[in-house]
Each structure stands twice: as structure tokens, then as C-alpha cells.
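Shown next, in C-alpha cells, is the structure this report addresses.
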Amino acid sequence: MKIRFLMSTALSAALLLAAGAAQADYTLHILHTNDLHSRIEPIDKFDSTCDAETDAKGDCFGGVARIATKVAELREELAGQNVLLVDIGDQFQGSLFYTTYKGRDAAEFMNDIGYQVMILGNHEFDDGPAVLRDFVGLVDFPVISGNLDLSRSEELRGRIGRSLVMEIGGEKVGLVSALTTDTPEISSPGPNVIFQDDAESLKAQVEDLQAQGVTKIVALTHVGYTRDRQLAEQVPGLDAIVGGHSHTLFSNVIEGAEKYPTTVNEVPIVSAYAYSKYLGHLVLTFDDDGNLKSAGGEPILLDASVKPDPKIAARVEELAEPIAEVRARVVAEASAAIDGSRDTCRAAECQMGNLVADAMLDRVKDQGVSIAIENGGGLRASIEAGPVTMGDVLTVLPFQNTLSTFQARGSTMVKALENGLSQVEEGAGRFPQVAGLRFVWDPKAPAGERLVSVEVQKDGDWAPIEPDTVYGIVTNNYMRMGGDGYSVFAAEAEKAYDFGPDLADVTADYLAKAQSYTPYLDGRIRQVE
């Protein structure tokens with residue numbers, strides 16, 4: 001028996017209009033990663049490469065094989081919907097995979113995973129435009145960076161776009177982009193890559209897309225969360241910002257994280273932390289006129305519940321084999337054993353502390369930096385006399401910490417040193433190893449009152465540190481962000497940049513320049529007599 005439903009003409013028309021309105025909404029799923037920093041293999045809870053034992057326990061995260069699995073799952077789950085996979089830059093630098101393959105591995109895996117667009121991060125320039133050119137030539141998707149003038153760059157001219165219009169589900173989606181303008185100071189783009197103001201460039205890109213009739217415009221930015229908030233205020237016409245560079249954690253379920261998304265001036269902002277630990281999933285819904293109606297989503301933790309794609313995991317293992325050879329590479333000769341023992345480096349000036357602090361300062365001395373400080377607990381071994389291999393250096397510095405530079409007053413440095421001296425009795429790792437600075441301390445004084453004097457090098461001589469003078473300082477990213485009790489760096493640092501080269505690479509390069517290295521002590525750290 002057939003049942004017929006009769007409706008009034010008015011009700012029928014109203015329902016048809018409602019159905020039409022619902023059908024006119026357009027939902028876009030943006031899957032996003034940023035700042036992988038060559039974490040091709042899984043990582044541990046410290047964001048370092050995970051060892052096999054820890055991985056077997058299920059305590060590791062990320063890696064490209066897990067990204068591949070989760071992207072494939074979401075694409076299947078969202079079949080028939082509008083899905084866009086983007087990377088927000090800094091695929092380069094951070095592990096021996098980058099040191100070995102210079103981005104060729106990243107290009108291969110990004111192609112396999114099916115990325116649709118990437119923007120540049122500052123670390124893509126770490127080995128100059130030629131290495132970036134080779135990477136761009138290997139990927140199957142467009143690479144854009146909107147505030148670069150590449151007209152003078154033979155390597156990059158015509159290879160990297162400014163903005164992009166993609167047709168997804170029958171609708172045009174505009175992507176505008178920007179890269180942090182201090183890249184020339186923190187990387188190596190060379191003189192022929194010209195950086196333009198990010199806000200003005202984004203405004204021009206948006207206006208250009210709007211003139212083409214594009215109504216849905218998303219900014220992909222490698223400028224950091226603080227700058228993203230400013231751009232949301234300064235650039236009209238943006239529907240969302242998907243960012244990177246500052247490694248900011250966004251989440252609606254993790255205490256202390258920024259809300260995902262965080263809305264500024266009605267513009268939702270998101271990012272997906274770093275190191276392949278999360279896959280971001282932003283859901284944008286637009287009305288028929290291209291106006292943003294809603295924004296939601298949540299980054300997905302790529303923990304042990306996400307099984308690595310077996311094909312990609314096997315390829316990762318294959319590419320890891322030659323890295324064993326890299327670890328065996330001789331970088332220098334030590335004329336005598338370099339003492340990096342726990343007992344020494346956590347209580348007094350030690351030879352390894354001098355080596356690493358000197359190497360840090362040497363790397364950035366041309367950037368107005370005059371003081372280096374390294375936590376003694378970050379030094380994990382000594383090095384025997386004779387050939388020094390990269391494996392030796394990595395044993396001393398296994399944490400994949402990166403150089404952090406910043407500016408701070410002398411008073412900040414004094415507070416930091418007092419923190420470093422506060423738990424010597426406990427053998428704490430915060431004990432400060434330094435360069436460009438020397439100090440005398442009293443182990444019998446109460447914690448917080450142990451500094452007797454602090455001097456800094458000035459015009460080839462030593463002078464007392466001045467509380468109100470601003471100094472350029474280099475440390476590692478762990479300390480700069482408050483690790484080992486150095487909260488004063490997190491609170492008072494200015495113009496901080498936490499994503500420099502790996503500290504092990506910096507130390508190896510410094511040793512290689514010397515070829516034959518003689519360990520030494522020079523009295524830069526002394527106890528009161």
C-alpha cells in the first residue's frame with residue numbers, strides 16, 4: 001500500500017528553500033602539519049628520535065608512517081567530501097635524515113602521503129637556495145611563499161608561487177601565504193631572495209584573489225602564533241589562518257593549550273605543534289556567498305594507537321641504514337680525552353662544557369650574541385682521545401636540542417645563573433656551562449645567593465655584568481623555554497628564536513674546523529676562595 005503525504009503549497013516551498021540553503025553550505029576539511037624538522041622516524045616524549053625499545057612499549061609518537069596512516073583513514077572516512085592536505089613549512093633540519101638526505105627523503109614521503117600544497121619555512125633555506133630548488137623539483141605538489149621576491153634568484157625564480165587557487169569539490173579555494181621576515185637572520189636564503197612585509201603582501205594576495213572572484217581565502221603562514229594574531233587584525237578578507245614556526249600547541253582537551261581554533265577578529269587560527277606528533281584537522285563551513293559560518297576541529301595525536309603504514313615504515317628503515325655510516329663518520333681528532341662526566345659537568349667548569357658553549361657562541365657570534373650558556377645535564381658523555389666520530393658527538397648531545405638566541409638584560413642572566421647553581425648538592429642538570437662570561441660562586445651560601453661576581457667579555461677584556469644592559473645570548477631550546485628551572489628565560493627573553501640548527505651539528509662543525517681539538521679549562525667558573 002502506498003502512502004501519500006500531502007503538504008500545503010506554502011509549506012512545500014519553505015521546505016524546498018531550506019533544503020536549498022543547506023545544500024548551498026560548503027564544508028572544507030583542512031588536514032595540516034607544520035615544523036616536522038626531519039622527524040621521519042617516530043619520536044619520544046621529548047620530541048627526539050624514538051629508540052626501538054621505547055617504540056615497542058607503545059610510548060612513541062608520530063613519524064611519517066603514522067601521518068600516512070591517519071591521512072589515509074581520514075580520506076576514506078571523508079570520501080566524497082572536500083579535503084585538503086597542507087604542510088606549513090620546516091620539513092628541513094632536525095635529524096640525521098636531513099643531514100644525510102637534504103630533503104630528498106621528505107619529498108619522497110610527502111609525495112607518497114599525498115600532500116597537495118606546501119609553504120616554505122625558514123629552515124628550507126638552511127643550506128641555501130640550491131638545496132631548496134632540488135627539493136621543489138622533486139615534489140608533486142605546488143610550493144608557495146607569498147612575501148618573497150624571487151626575481152633575482154636563478155635557483156628559485158619561477159619555481160615557487162605566491163598564492164594559489166585550487167578547485168575543490170567544484171568550488172574555488174584561495175590560499176595565500178607568508179614566511180617570517182627574519183629568515184635572512186636565522187637561515188641562509190642569500191642576497192637574491194628578497195623578503196617583503198608579510199602583512200602588506202598578504203593584503204595584496206587577498207585583493208588579487210578577490211578580483212578573480214574567489215570568496216574562500218585561507219592564509220598559510222610560517223610566522224608564529226603571535227604574528228598570526230596580528231595578521232588576523234591587519235589583513236582583511238581572511239577566512240582562516242593555518243600557521244607554524246612557533247610550535248604552538250592548540251587543543252580543546254589539553255590543559256594550557258591554545259583553543260583549537262583560536263578566533264581573533266573573527267578569523268580562526270590553528271597550528272599543529274611540531275615534530276609529526278599531531279595531524280591538524282580544521283573544519284570550515286561557508287555559506288553560498290562564501291562567508292565563513294563556522295570553524296571547528298581538533299588536532300589528532302599520532303600515538304601508538306595509530307599503526308604506521310607498513311610500506312612507508314619499511315622505506316624509512318631502508319633509508320635509516322646509511323645513517324649508521326653517518327654516525328661512524330670522523331669529524332675531528334681529540335688530542336686528549338674530553339671530560340664530559342656527570343660528576344664534573346654538574347658541579348664545576350668542565351672540558352665538554354667549554355667545548356659545547358664555545359661552539360654555540362662561535363656559531364652565532366656574528367648575530368650580536370656575546371654569551372653562551374648550556375646546562376651541564378645536557379652533556380651525556382665524555383669523548384676519548386683520538387678520532388672523534390659523529391656518533392661520539394651524538395652520544396654527548398643526544399637530545400636534538402636546537403640553538404636558541406635571544407636578548408635579555410644582565411639582571412636576567414644573573415637570575416639564570418643563580419638558578420643554575422641552586423641544586424649543585426643534588427647533582428641537578430641545571431648547572432651552567434658558559435662562554436663569553438665568567439663567574440665566581442660560593443657553594444656554602446644559600447641557594448639564590450651563591451653568585452659572588454659575574455663578568456662578561458667586552459672589547460677583549462673582562463668587565464662586570466651590568467644589570468640594565470641588554471646582551472645577546474645563545475642557549476638551547478630546552479633551557480630557553482624554561483627547562484631545568486630556567487623559567488626566567490621563558491619569562492624575560494626578548495626577540496627569542498628557538499629553532500636554530502641542532503646542537504650536535506653545531507658542535508661537530510666546530511670540531512671539524514679545528515680538525516685537532518685540545519680540551520682545556522680556563523677558570524671561567526670558579527668557587528670562592
Side-chain angles (χ1 to χ4, degrees), residues 46 256 339-358 360-361 369-380 382 399 401 404-458 461-494 496 498 520-529:
F46 301 107
D339 177 25
S341 65
R342 180 187 182 97
D343 291 344
T344 307
C345 294
R346 297 182 180 216
E349 177 188 0
C350 72
Q351 293 170 340
M352 192 66 72
N354 287 356
L355 165 61
V356 173
D358 287 350
M360 295 164 70
L361 187 56
V369 175
S370 58
I371 297 171
I373 179 170
E374 161 73 7
N375 56 322
L379 309 173
R380 311 299 290 189
S382 300
F399 299 113
N401 291 138
S404 292
T405 55
F406 61 97
Q407 293 181 356
R409 296 183 184 277
S411 57
T412 300
M413 196 66 208
V414 168
K415 286 185 277 188
L417 291 171
E418 286 285 12
N419 167 71
L421 298 170
S422 65
Q423 297 181 6
V424 179
E425 300 88 345
E426 302 169 26
R430 63 184 60 190
F431 189 89
Q433 300 293 329
V434 297
L437 176 149
R438 67 184 187 184
F439 64 87
V440 178
W441 68 290
D442 183 356
K444 297 180 181 179
E449 301 176 15
R450 291 179 168 176
L451 277 176
V452 175
S453 64
V454 183
E455 295 177 301
V456 294
Q457 283 188 317
K458 185 176 182 181
D461 204 351
W462 293 97
I465 196 166
E466 298 175 351
D468 293 327
T469 296
V470 175
Y471 297 92
I473 301 167
V474 61
T475 185
N476 62 64
N477 61 315
Y478 169 72
M479 293 174 64
R480 216 294 298 165
M481 293 186 284
D484 262 346
Y486 285 89
S487 57
V488 65
F489 286 161
E492 298 183 15
E494 298 178 1
D498 300 321
Y520 71 99
L521 301 175
D522 61 7
R524 64 184 69 179
I525 300 173
R526 294 187 294 113
Q527 292 186 19
V528 66
E529 297 178 357

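Computed from a prediction, not measured in an experiment: that's the story for all the values here.
- Distance check, rounded to the nearest 0.5 Å: CG of Asp522 to CG of Asp358 gives 7.5 Å.
- Taken from CZ in Arg342 to SG in Cys350, the straight-line distance is 13.0 Å, to the nearest 0.5 Å.
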Go through Phe431 and Asn375 one step at a time and tell me if the side chain to side chain contact (heavy atoms under 4.5 Å, CB included) criterion holds. CA-CA 6 Å; Phe431 189 89; Asn375 56 322; over 6 Å; no
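- Side chains of Tyr486 and Ile373 form a contact here, defined as non-hydrogen atoms less than 4.5 Å apart.
- Remark: side-chain polar atoms of Glu418 are paired, donor with acceptor, to backbone N or O of Arg450 under 3.5 angstrom.
- The structure places CD of Gln351 at 10.5 Å from OH of Tyr520, a figure rounded to the nearest 0.5 Å.
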Show me, pair by pair, the donor-acceptor contacts under 3.5 angstrom made by side chains of residues 436-443, not counting sequence neighbours?
from   : atom 1 : to     : atom 2 : distance (Å)
Arg438 : NE     : Glu455 : OE1    : 2.7
Arg438 : NH2    : Glu455 : OE1    : 3.0
Asp442 : OD1    : Lys444 : N      : 2.9

Kindly indicate, with the supporting measurements, whether the criterion side chain to side chain donor-acceptor pair (under 3.5 Å) is fulfilled by Ser341 and Asp343. CA-CA 5 Å; Ser341 65; Asp343 291 344; 5.9 Å; no
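- Not a single donor-acceptor pair under 3.5 Å links the side chain of Gln407 to the backbone N or O of Val369.
- With hydrogens and angles disregarded, a donor-acceptor distance shorter than 3.5 Å links the side chain of Tyr471 to the backbone of Glu466.
- The CE atom of Met413 sits 14.0 Å away from atom OG1 of Thr469, with the distance rounded to the nearest 0.5 Å.
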Please assess Val356 against Leu379 for the test side chain to side chain contact (heavy atoms under 4.5 Å, CB included), listing each intermediate value before the final yes or no. CA-CA 9 Å; Val356 173; Leu379 309 173; 3.7 Å; yes
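- Inter-residue side-chain proximity for Cys345 and Gln433 is flagged as met; some heavy-atom pair is nearer than 4.5 Å.
- Rounded to the nearest 0.5 Å, atoms CZ (Arg346) and CZ (Arg430) are 11.0 Å apart.
- Heavy atoms from other residues, nucleotides or ligands lying under 6.0 Å from CZ of Arg524 number more than 12.
- Contact detail for Met360 and Asn476: the closest heavy-atom pair is CE-N, 4.0 Å.
- Scanning both residues, Met352 and Gly340, for their nearest heavy atoms gives CB-CA, 3.5 Å.
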Between Phe406 and Thr475, is a side chain to side chain contact (heavy atoms under 4.5 Å, CB included) present by the stated rule, with each step listed? CA-CA 9 Å; Phe406 61 97; Thr475 185; 3.7 Å; yes
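- Counting all heavy atoms, side chain and backbone alike, Asn354 lies closest to Val434 at OD1-O, 4.4 Å.
- Note that CZ of Phe489 is 5.5 Å distant from CD1 of Ile473, once rounded to the nearest 0.5 Å.
- A pairwise comparison of heavy atoms in Ser370 and Leu361 identifies C-CD1, 3.6 Å as the closest pair.
- Panel note: side chain Ser404, backbone Asn477; a donor-acceptor pair is recorded below 3.5 Å.
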